[in-house]
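All heavy atoms count here, side chains included; hydrogens, waters and symmetry mates do not. As the structure lists them, so they are numbered: ligands from 1, and atoms in each ligand from 1. One-based numbering along the sequence shown.
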Amino acid sequence: MLELPMALRLFNTLSSQIEEFHPLRDREVRMYACGPTVYDYGHIGNFRTFVAVDLLRRFFRQSGYTVRHVMNITDVDDKIIRNAAREGVSVQQYTAKYERAFLEDAALIGIEEPTLVRATEHIPEMADFVAKLVERDIAYRTDDGSYYFRIAKFPQYGKLSKRDFSGMMDGARVDVDEYDKDSARDFALWKAPKPGEASWDTAIGPGRPGWHLECSVMSMSELGETFDLHAGGEDLVFPHHENEIAQSESFTGKPFVHFWFHARFLLVEGEKMAKSLGNFFTLRDLVLKGHKPSSIRYLLASVPYRHQLNFTFDGLKQAAVSVERLRNFKLRLTTGNFEAGSNPEIQSLAADTVKRMTAAFDDDLNTAQAQAAIFEMVRQANAAFDTGGIKQDDVPPLCAVLDKFDEIFAVLNDDDGPKMKRVLEWAAAEGREAEITDRAREAVQSGQLSDARIEQKIDAIKNARKARDFKTSDTLRAELAIAGVLVEITKDGIRWRRK
Ligand code: AMP
Ligand code: ZN
């Protein structure tokens with residue numbers, strides 16, 4: 001039976017209020033997230049935001065919606081052009097490496113891949129967009145062949161960042177992609193070529209798009225002129241998203257986006273992350289230190305997206321313990337021997353936990369509450385285990401709660417070992433072996449499933465099949481496959497071998 005969507009209540013930066021979320025089209029959510037600028041490896045701050053968006057997308061789906069989730073890869077901007085020129089390579093050569101790294105990192109940390117769009121593949125559309133704004137006198141060309149957005153033509157400018165720009169000097173300009181509120185001026189839509197910079201020949205002349213234009217054009221081309229939700233980190237509210245609204249709404253005369261979703265910046269050990277402070281970490285840095293991708297994801301997901309997450313190494317250890325506890329509980333459930341029958345208390349514990357989790361997510365994605373609910377269930381169920389209080393028919397509902405939790409958090413599958421192995425291989429290939437800690441090597445070793453652990457999982461598959469619970473059996477089989485173990489089910493029994 002199709003579940004009716006629950007009423008998700010979400011904070012909307014545009015209205016500064018918590019609002020009930022309803023998609024504009026019946027059961028389909030159209031969302032756009034500003035993706036990475038691929039000029040370096042992604043840091044944990046970037047992934048704080050990307051994980052928050054991933055949790056949101058997964059919860060939409062769990063609530064019964066289909067989701068069209070588009071993310072851009074910014075593969076041309078000021079920083080990229082500067083770095084590519086410094087290394088003496090083309091923009092494309094430069095960004096290809098970091099785009100691949102981003103996709104690998106996103107998979108490492110359990111982010112489901114959105115539909116990806118690349119700025120450099122939409123250049124003619126962007127030029128046409130500028131041309132239309134020029135026709136309406138909303139954009140103008142300067143002598144060097146650049147184009148600017150005339151913000152005096154958009155009286156609502158400032159409605160997202162809640163600033164009144166009405167007293168601003170008409171015609172003053174800014175041509176860098178990022179700037180602060182006090183220097184809000186007519187901003188560059190299109191930048192004329194500069195010596196040594198990548199540029200494209202288009203209907204409005206040679207040049208390249210400004211960063212803000214990229215997102216307006218690509219989001220509307222994929223999702224329509226008005227869509228449900230646009231996401232990013234809080235730093236994007238101004239100028240990036242403010243400018244996207246100005247361009248898009250001037251172009252279409254329609255509201256651009258219904259909900260604006262912004263994740264708060266994370267701190268590391270109580271401070272703003274900065275290379276100069278030595279507290280700047282990419283995802284790969286943490287893996288090379290021996291931390292599991294599942295612990296990192298769990299920690300990034302544990303603080304609701306509008307609260308400041310203080311990333312600490314103690315917190316990371318704690319997250320590892322939490323994930324291990326959940327995995328052990330699942331193993332206990334799937335490998336245990338239980339008496340026939342059911343215990344009404346456990347049945348209602350499972351049902352209540354599902355309700356509590358859903359209510360937590362509905363409450364502006366309160367991930368902390370959802371985690372608290374599952375741990376309360378694990379605590380009570382573990383106590384019941386010890387006194388024989390869990391019966392055969394209690395196992396499927398408890399497993400179903402774990403599955404539901406994991407549809408969002410995605411940490412139960414024990415695939416850290418093979419994932420970490422790939423990061424270590426990358427470090428070796430990049431000549432960064434010195435950064436691989438003993439802890440990381442040990443984690444990879446212990447991440448290789450032992451024969452005993454594999455036999456345990458095979459027993460769990462047998463039990464599940466006996467109970468005709470093919471979903472659990474398939475999940476376990478898939479987990480083993482990811483860990484490099486092939487399982488063959490024949491009429492004579494179950495065999496396994498390492499790949
Ligand atoms: P960038 O690659 O710099 O364009 O950033 C990609 C995404 O990461 C954007 O949504 C940023 O807002 C977000 N972001 C950057 N730094 C942080 C941080 N310290 N905490 C949370 N999100 C961040
Ligand atoms: Zn964007």
Side-chain angles (χ1 to χ4, degrees), residues 13 31-57 69-80 82-83 94-95 98-99 101-103 105-106 109 111 114 116-119 122 126 160-161 176-178 187 189 209-223 227 229-248 256-257 260-275 277 279-283 296 299-301 303-311:
T13 311
M31 60 190 272
Y32 181 90
C34 293
T37 306
V38 281
Y39 70 101
D40 207 342
Y41 293 102
H43 56 67
I44 52 174
N46 299 139
F47 284 100
R48 158 67 164 158
T49 293
F50 296 135
V51 166
V53 175
D54 184 63
L55 299 169
L56 175 66
R57 162 201 174 127
H69 175 194
V70 176
M71 178 189 260
N72 71 304
I73 301 272
T74 298
D75 57 357
V76 53
D77 94 324
D78 296 350
K79 283 179 287 212
I80 289 173
R82 186 193 60 208
N83 290 7
Y94 187 82
T95 55
Y98 293 109
E99 177 180 323
F102 168 72
L103 295 176
D105 286 353
I109 201 169
I111 291 174
L116 296 172
V117 287
R118 289 172 195 82
H122 290 262
M126 294 177 195
L160 185 70
S161 55
V176 287
D177 283 333
E178 288 168 271
F187 57 88
L189 293 161
W211 171 41
H212 317 300
L213 181 71
E214 296 175 4
C215 280
S216 275
V217 171
M218 292 192 289
S219 61
M220 291 197 294
S221 113
E222 291 291 325
L223 297 172
F227 55 91
L229 185 137
H230 196 123
E234 62 177 344
D235 60 321
L236 299 189
V237 173
F238 189 90
H240 186 52
H241 289 162
E242 196 74 72
N243 291 355
E244 280 191 48
I245 292 175
Q247 296 161 159
S248 304
F256 175 41
V257 169
W260 287 89
F261 175 96
H262 292 106
R264 183 119 187 242
F265 259 37
L266 65 59
L267 298 179
V268 175
E269 305 281 355
E271 292 194 89
K272 207 173 154 194
M273 186 167 55
K275 283 192 176 144
L277 292 177
N279 67 356
F280 180 96
F281 300 109
T282 65
L283 222 48
I296 305 169
L299 178 57
L300 293 180
V303 174
Y305 73 98
R306 281 202 302 129
H307 291 252
Q308 190 143 52
L309 165 65
N310 183 19
F311 187 97

Look at the N, O or S atoms of Cys34, main chain and side chain alike, and state whether any lies under 2.8 Å from the Zn ion (ligand 2). yes

Contact flag His241/the Zn ion (ligand 2), N/O/S atoms, threshold under 2.8 Å:
no

Counting from 1 in the order shown, the ligand 1 atoms closer than 4.0 Å to a non-hydrogen atom of Pro36 are 2 (O)

* Under 3.5 Å: N/O of Thr37 near N/O of ligand 1 -> yes

Determine whether any heavy atom of His262 lies closer than 4.0 Å to an atom of ligand 1. no

Could you tell me whether Lys79 and ligand 1 have an N or O pair separated by under 3.5 Å? no

Logged contact type for Asp235 with ligand 1, heavy-atom cut-off 4.0 Å, is side chain

Checking His241, His230, Glu234 against His262 for side chain to side chain donor-acceptor pair (under 3.5 Å), the one that qualifies is His241

Checking distances from the Zn ion (ligand 2), one finds that the N, O or S atom of His240 closest to it is NE2

For His43, the atoms of ligand 1 under 4.0 Å from one of its heavy atoms are 15 (C), 16 (N), 17 (C)

So, regarding Glu234 and ligand 1 (criterion: nitrogen or oxygen to nitrogen or oxygen, under 3.5 Å), is there a contact or not?
no

Would you check whether Phe50 reaches within less than 4.0 Å of ligand 1, judged by its heavy atoms?
yes

### Task
Before signing off on this row, confirm whether Gly45 and ligand 1 have an N or O atom pair separated by under 3.5 Å.
yes

Sub-4.5 Å side-chain heavy-atom contact between Trp211 and Asp78:
no

